[in-house]
Novice: 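One structure coming up, written as structure tokens, with questions to follow.
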Amino acid sequence: MKLAIPTPDGEFIARYSEHGLSQLSFPGDCRTMADDSIAPANVEEWHAATIAALKEILAGRTPTALPPLDLTRGTDFQRQVWEVLRKIGPGHTKSYGEVAAAIGNPEATRAVGAACGANPVPPIIPCHRVLAAKGKLGGFSGTKGWKEKLLAREGVHLF
DNA sequence: ATTTACAATATGA
DNA sequence: TCATATTGTAAAT
């Protein structure tokens with residue numbers, strides 16, 4: 001089930017499985033896969049929640065309510081990473097190394113990067129708040145410009 | 001089953 | 001500045 005989300009910044013693509021939101025893509029993202037899944041019963045409700053949350057994020061705020069996420073593709077390690085990311089307050093950032101330390105594997109910085117890349121819902125899990133060691137931008141799924149833009153809207157000043 | 005490549009980082013040349 | 005070792009995953013062989 002694939003639905004578009006029109007925003008002032010372009011058209012995001014949300015994908016739903018029977019368990020919840022399974023993927024969210026930036027405008028023009030080629031990462032979306034084929035749409036083979038069935039239509040969940042509550043998809044309209046979930047989609048409304050997704051839109052609301054996304055608008056909050058684009059406005060630089062933390063969403064108060066999120067749709068159920070389908071994280072079946074996530075491993076334990078990835079879930080731990082994502083959990084840490086959601087604890088980062090608005091306007092704050094962490095480095096990949098700090099996130100790694102927070103899960104108890106201070107040397108798995110690279111693995112943290114991989115986990116962020118595997119994140120199915122880029123804007124909702126605030127992977128854009130994860131920077132490289134010295135406030136450098138590092139990489140991002142899609143364009144780096146998005147990472148900058150999202151951070152700027154949250155009031156994060158980049159060094 | 002083994003190798004390679006990542007959105008990293010610290011270290012050594 | 002460049003090469004390397006390190007970690008967890010996924011994708012390719």
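Order of the sequence lines fixes the chain letters, A, B, ..., with proteins taken first and strands second; residue numbering starts at 1 for each chain. Every value quoted in this text rests on a predicted model; they were computed, and no experiment measured them.
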Novice: Please table the atom pairs, donor to acceptor, closer than 3.5 Å between any side-chain atom in residues 115-131 of chain A and protein atoms at least two apart or in another chain.
Specialist:
residue: A/N119; atom: OD1; partner: A/V121; partner atom: N; Å: 2.9
residue: A/H128; atom: NE2; partner: A/E154; partner atom: OE2; Å: 3.2
residue: A/R129; atom: NE; partner: A/E154; partner atom: OE1; Å: 2.7
residue: A/R129; atom: NE; partner: A/E154; partner atom: OE2; Å: 3.2
residue: A/R129; atom: NH1; partner: A/I88; partner atom: O; Å: 3.0
residue: A/R129; atom: NH2; partner: A/E154; partner atom: OE2; Å: 2.9

Novice: Examine distances only and state if a side-chain atom of A/H47 and a backbone atom of A/A4 form a donor-acceptor pair shorter than 3.5 Å.
Specialist: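 Yes, A/H47 side chain to A/A4 backbone: donor-acceptor pair under 3.5 Å.
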Novice: What does C/dT6 pair with, Watson-Crick or G-U, if both distances are under 3.5 Å?
Specialist: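 When the pairing criteria are applied, B/dA8 turns out to be the nucleotide that pairs with C/dT6.
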Novice: Could you tell me whether a side-chain N or O of A/E148 sits under 3.5 Å from a main-chain N or O of A/G145, the two making a donor and an acceptor?
Specialist: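 Looks like no, no N/O pair under 3.5 Å.
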Novice: Could you tell me whether A/E11 atom CD has more than 12 heavy atoms of other residues or ligands within 6.0 Å of it?
Specialist: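 More than 12 within 6.0 Å, yes.
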Novice: Using the side-chain hydrogen bond (donor to acceptor under 3.5 Å, both in side chains) definition, which of the options A/D70, A/T50, A/N42 pairs with A/Y16?
Specialist: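 The side-chain hydrogen bond (donor to acceptor under 3.5 Å, both in side chains) with A/Y16 is passed solely by A/T50 among A/D70, A/T50, A/N42.
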Novice: Flag the pair A/D9 and A/R153 as a salt bridge only when some basic side-chain nitrogen lies within less than 4.0 angstrom of an acidic carboxylate oxygen.
Specialist: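 A salt bridge links A/D9 with A/R153.
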Novice: Drop me the distance from A/L151's CG to A/W146's CH2, to the nearest 0.5 angstrom.
Specialist: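 Nearest 0.5 Å value for the CG-CH2 distance: 12.5 Å.
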Novice: Using a 4.0 Å heavy-atom cut-off, write out nucleotides 7-13 of chain C from 5' to 3' as B (base contacted by protein), S (sugar-phosphate only) or - (no contact).
Specialist: BBSS---
Novice: Please identify the 5'-most and 3'-most nucleotides of DNA chain B with any atom under 4.0 angstrom from a heavy atom of chain A.
Specialist: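 Span of nucleotides near chain A: B/dC6 to B/dT9.
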Novice: Would you mind classifying the nucleic acid contact of A/S141 as base, sugar-phosphate or nothing, using non-hydrogen atoms under 4.0 angstrom?
Specialist: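 Base: the residue A/S141, judged by heavy atoms under 4.0 Å, touches a nucleobase.
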Novice: Could you check whether any side-chain N or O of A/R15 sits under 3.5 Å from a backbone N or O of A/L21, counting only pairs where one atom can act as donor and the other as acceptor?
Specialist: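 The answer is no, because no donor-acceptor pair under 3.5 Å joins these two groups.
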